[in-house]
Amino acid sequence: MAAPEAELVLKWEREQARLRESVKEEDTEDWQRSPDFSGLKRVGGVDLSFIKGDDINACAHLVVLTYPHMKVLYEDCKMVTLNAPYVAGFLGFREAPPLLQALEKLKNVQPNLMPQVLFVDGNGLFHYREFGLACHLGVLSDLPCVGVAKNLLHVEGVVRSEEHQSQINALQKSGDSFPLATTSGRVLGKALRSSHSSIKPVYVSVGHRITLDTAVRLTHTCCLYRVPEPIRQVTIATRSSLYPSQRITAVTWIKYVSSPDGGSAPRKDLYSPERQRRPGQLE
DNA sequence: GCGACAG
DNA sequence: ATCTTGTCGC
């Protein structure tokens with residue numbers, strides 16, 4: 001891909017600054033104030049995936065899972081053609097349009113399944129101009145959104161330094177986190193150790209209509225593994241659509257980890273009885 | 001100045 | 001973002 005044109009980047013920056021004013025960094029929903037998120041029934045995840053060698057055509061996926069049991073309620077997939085290139089810091093202009101279309105379709109065909117919060121593969125306020133993809137989707141859909149990035153974006157003052165690595169090493173158990181603060185001291189996100197089995201954190205930030213602490217707490221309760229289930233499930237779904245050969249593996253994983261909402265008991269080897277845990281949570 | 005830089 | 005095979009450990 002050719003270098004992004006300066007003119008386009010300037011236009012995008014102005015648009016981000018304009019939309020940034022609409023981001024709500026507060027808990028606007030009753031369930032967000034509840035200690036166990038009672039009232040929260042549906043969580044969503046969105047993602048795009050690509051075929052190797054083709055960065056124009058993508059598969060856009062939306063899934064809706066039950067909370068807290070993380071059972072897939074709805075799954076939608078559509079092949080789309082993207083108009084914008086990938087430029088770090090401007091993911092929203094590339095990925096938001098088809099994902100918003102998927103939400104719009106859901107509103108038309110199954111409005112009762114609309115998720116109460118959306119997990120987004122990428123950052124929210126933890127972003128160069130405090131307007132990552134999760135904010136972009138949040139503002140344009142007006143849905144509560146949480147950004148979860150698997151890799152660290154190098155925002156001002158936050159880099160993969162030895163200091164950062166030592167903070168990661170200090171995350172002892174699942175649920176531990178540390179703030180991601182800019183040079184000016186503003187906390188834009190948190191690094192969260194989301195599972196006992198992985199030392200590598202995920203980077204959680206506010207997308208829209210949620211506080212950072214609520215976002216981190218919610219993310220943790222959605223994690224059976226490192227990546228929160230809504231994002232993990234949507235990633236499995238998108239990749240299965242593009243690479244059917246991987247479907248067998250994916251289905252096996254789903255069968256293995258999901259706990260039936262009202263049905264039979266969860267697998268014993270995944271849920272050791274002696275320890276108290278949140279529903280659907282491995283550790 | 002150059003490189004780094006979510007997906 | 002994207003592919004792949006095996007391998008180690010609980």
Side-chain angles (χ1 to χ4, degrees), chain A residues 1 3-4 9 12-13 16 45-61 79-99 119-138 145-161 164 174 180 182 188-192 195-207 215 219 224-228 231-232 234-250 256 267-272 275 282-283:
Chain A
M1 184 60 65
V9 165
W12 279 351
E13 285 179 348
Q16 286 181 330
V46 287
D47 191 28
L48 294 187
S49 74
F50 300 82
I51 293 181
K52 177 185 61 170
D54 183 352
D55 56 352
I56 301 289
N57 298 295
C59 178
H61 254 268
M79 287 304 300
V80 295
T81 302
L82 302 181
N83 302 309
Y86 169 69
V87 183
F90 301 96
L91 240 198
F93 296 97
R94 176 167 164 86
E95 299 200 351
L99 298 178
F119 280 87
V120 179
D121 207 341
N123 295 298
L125 289 178
F126 186 61
H127 178 270
Y128 307 132
R129 291 164 295 277
E130 301 188 6
F131 197 75
L133 175 60
C135 297
H136 208 124
L137 281 173
C145 282
V146 177
V148 181
K150 298 183 290 294
N151 293 290
L152 183 67
L153 181 66
H154 286 198
V155 176
E156 180 208 349
V158 185
V159 293
R160 277 199 305 266
S161 58
H164 183 74
S174 162
L180 305 167
T182 60
L188 294 183
K190 283 191 173 180
L192 168 71
S195 82
H196 67 291
S197 48
S198 175
I199 181 60
K200 185 174 180 178
V202 293
Y203 299 96
V204 179
S205 59
V206 169
T219 300
L224 279 73
Y225 301 108
R226 186 174 85 102
V227 174
I231 293 178
R232 188 171 158 272
V234 80
T235 302
I236 290 171
T238 48
R239 296 212 298 158
S240 299
S241 301
L242 291 184
Y243 300 96
S245 63
Q246 295 186 11
R247 174 166 243 153
I248 303 299
T249 313
Y256 192 69
R267 291 181 60 107
K268 246 186 168 174
D269 52 344
L270 286 178
Y271 292 79
S272 53
R275 194 159 5 158
L282 270 181
E283 191 196 333

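Chain A is the first sequence line, chain B the second, and so forth, proteins listed ahead of strands; every chain is numbered from 1.
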Student: Of all residues at least two apart in sequence or in a different chain, which pass the side chain to side chain contact (heavy atoms under 4.5 Å, CB included) check with His154(A)?
Tutor: Leu152(A), Val159(A), Arg160(A)

Student: What string of B, S and - do you get for nucleotides 1-7 of chain B, 5' to 3', if B is base contact, S is sugar-phosphate-only contact and - is no contact with any protein heavy atom under 4.0 Å?
Tutor: ----BBB

Student: Any non-hydrogen side-chain atom of Tyr86(A) less than 4.5 Å from a side-chain atom of Glu95(A)?
Tutor: no

Student: Taking Arg226(A) for the side chain and Pro201(A) for the main chain, is one N or O donor matched with an acceptor at less than 3.5 Å?
Tutor: yes

Student: What are the two closest heavy atoms between Ala134(A) and Val146(A), and how far apart are they?
Tutor: CB-C, 4.0 Å

Student: Nearest 0.5 Å please: distance from the CZ atom of Phe131(A) over to the NE2 atom of His136(A).
Tutor: 5.5 Å

Student: Nearest 0.5 Å, please: how far is OG1 in Thr235(A) from CG in Asp47(A)?
Tutor: 4.0 Å

Student: Rounded to the nearest 0.5 Å, what's the gap from NE2 on His127(A) to OG on Ser205(A)? Could you check?
Tutor: 10.0 Å

Student: Using a cut-off of 4.0 Å between protein heavy atoms and nucleotide atoms, how would you tag nucleotides 5-10 of chain C 5' to 3' with B, S and -?
Tutor: ------

